[in-house]
Amino acid sequence: MGIERTLSIIKPDAVAKNVIGKIYSRFETNGLTVIAAKMAWLSPQEAGAFYAVHKERPFFKDLVAFMISGPVMVQVLEGESAIAKNRELMGATDPKKAEAGTIRADFAESIDANAVHGSDGEETAKNEIAFFFPAMSVYSGR
Ligand code: RTP
Ligand code: MG
């Protein structure tokens with residue numbers, strides 16, 4: 001595995017709850033370092049393009065509507081096995097099924113308003129990071 005980078009989004013529900021710091025703390029105490037970050041309010045086009053892989057799914061319209069309902073906090077996380085580690089910290093997509101102590105179990109409301117996004121593999125991580133951040137704006141301290 002080794003050191004990886006992954007894209008994380010704190011979704012509009014968690015931004016509205018004022019828990020960006022609490023979620024960052026989960027990352028930092030579990031070996032993930034924030035190496036790029038920005039706040040954004042996505043347009044319908046941007047949210048649709050980001051989740052294009054789901055465009056034929058029945059929940060796509062609701063997913064886009066939710067992702068544009070308020071600002072999001074977008075970050076690149078770096079660390080040992082960062083992609084799987086972030087998914088583990090996030091918990092299951094449906095917060096009702098998420099393990100206790102995970103971000104979704106603690107901060108998410110529903111399968112739609114589920115607090116965070118995380119890349120699900122090496123290829124998606126690379127593409128999703130490039131979607132939000134030009135290479136020159138990602139600063140690793142290591
Ligand atoms: P994400 O991409 O946001 O990190 O979430 P995920 O990998 O855990 O789940 P994914 O399958 O990629 O789905 C993306 C988002 O779509 C919504 N969803 N709704 N109603 C449904 O059955 C359903 N399934 C997925 C969720 O908000 C999920 O985060
Ligand atoms: Mg996903």
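Here the structure is a predicted model, which means the values were calculated and not measured. Side-chain atoms are counted along with the backbone in the values below, which use heavy atoms only and exclude waters and symmetry mates.
The stretch residues 108-130 participates, sequence neighbours left out, in these ring-ring contact (aromatic ring centres under 6.0 Å, His included) pairs: Phe50-His117, Tyr51-His117. Applying the ring-ring contact (aromatic ring centres under 6.0 Å, His included) test to residues at least two apart or on different chains, none of the pairs has a partner in residues 79-101. A ring-ring contact (aromatic ring centres under 6.0 Å, His included) check over residues 55-85, counting only residues at least two apart or in different chains, returns the pairs His54-Phe59.
Side-chain atoms of Glu46 never come within 3.5 Å of backbone atoms of Pro44 as a donor-acceptor pair (strictly under, hydrogens ignored). Formation of a donor-acceptor pair under 3.5 Å by the Ser110 side chain with backbone atoms of Ala113 is found in this model. Listed for the Lys17 side chain is a donor-acceptor partner under 3.5 Å among the backbone atoms of Phe107. Proximity of a side-chain donor or acceptor of Glu28 to a complementary backbone N or O of Ser25 within less than 3.5 Å is not detected. At distances below 3.5 Å, not a single donor-acceptor pair connects side-chain atoms of Gln75 with backbone N or O atoms of Val34.
For the atom pair CD1 of Ile23 and OG of Ser8, the computed distance is 8.0 Å after rounding to the nearest 0.5 Å. Rounded to the nearest 0.5 Å, atoms CD1 (Ile83) and OG1 (Thr124) are 7.0 Å apart. Rounding to the nearest 0.5 angstrom, the gap separating the CG atom in Leu7 from the CZ atom in Phe133 is 6.5 Å. The CD atom of Glu4 sits 10.0 Å away from atom CG of Leu32, with the distance rounded to the nearest 0.5 Å.
Val53 and Val64 fall into different hydrophobic clusters, where Ile, Leu, Val, Met, Phe, Trp and Tyr side chains are chained together by heavy-atom contacts under 4.5 Å. Under the 4.5 Å side-chain heavy-atom criterion for ILVMFWY residues, a single connected hydrophobic cluster contains both Phe131 and Met67. Linking ILVMFWY residues whenever their side-chain heavy atoms come closer than 4.5 Å, directly or via other members, leaves Ile9 and Ile20 in distinct clusters. Tracing side-chain contacts under 4.5 Å through hydrophobic residues (I, L, V, M, F, W, Y), one reaches Leu77 starting from Met39; they form part of the same cluster.
Taking 4.0 Å as the cut-off between side-chain N and carboxylate O, Arg26 and Asp106 count as a salt-bridged pair.
Around NZ of Lys61, the count of heavy atoms belonging to other residues, nucleotides or ligands within 6.0 Å does not exceed 12.
Nearest heavy atoms, Lys11 versus Val116: CE-O, 3.3 Å. In terms of heavy atoms, Trp41 sits closest to Ser69 at CZ2-O, 3.9 Å. When all heavy atoms of Ala37 and Tyr24 are compared, the pair lying nearest together is CB-OH, 3.6 Å. Taking each heavy atom of Ala125 and Ser119 in turn, the nearest pair found is CA-OG, 3.4 Å.
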Compile the donor-acceptor pairs under 3.5 Å between side chains in residues 86-94 and protein atoms, sequence neighbours left out, one pair per line.
residue	atom	partner	partner atom	Å
Arg87	NH1	Gly118	O	2.9
Asp94	OD1	Lys96	N	3.0

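When side chains are defined from C-beta on, Val74 counts as touching Phe132, because their heavy atoms get closer than 4.5 Å. Proximity of Val72 to Leu42: side-chain heavy atoms (C-beta onward) are separated by under 4.5 Å at one or more points.
Listed by chain and number, the residues in a salt bridge (Lys or Arg N to Asp or Glu O under 4.0 Å) with Glu78 are Arg5, Arg142 (sequence neighbours excluded). Partners of Ala108 according to the side-chain contact (heavy atoms from CB on, under 4.5 Å) rule, which considers only residues two or more places apart in sequence or in another chain, are Pro95, Arg104, Asn114, Ala115.
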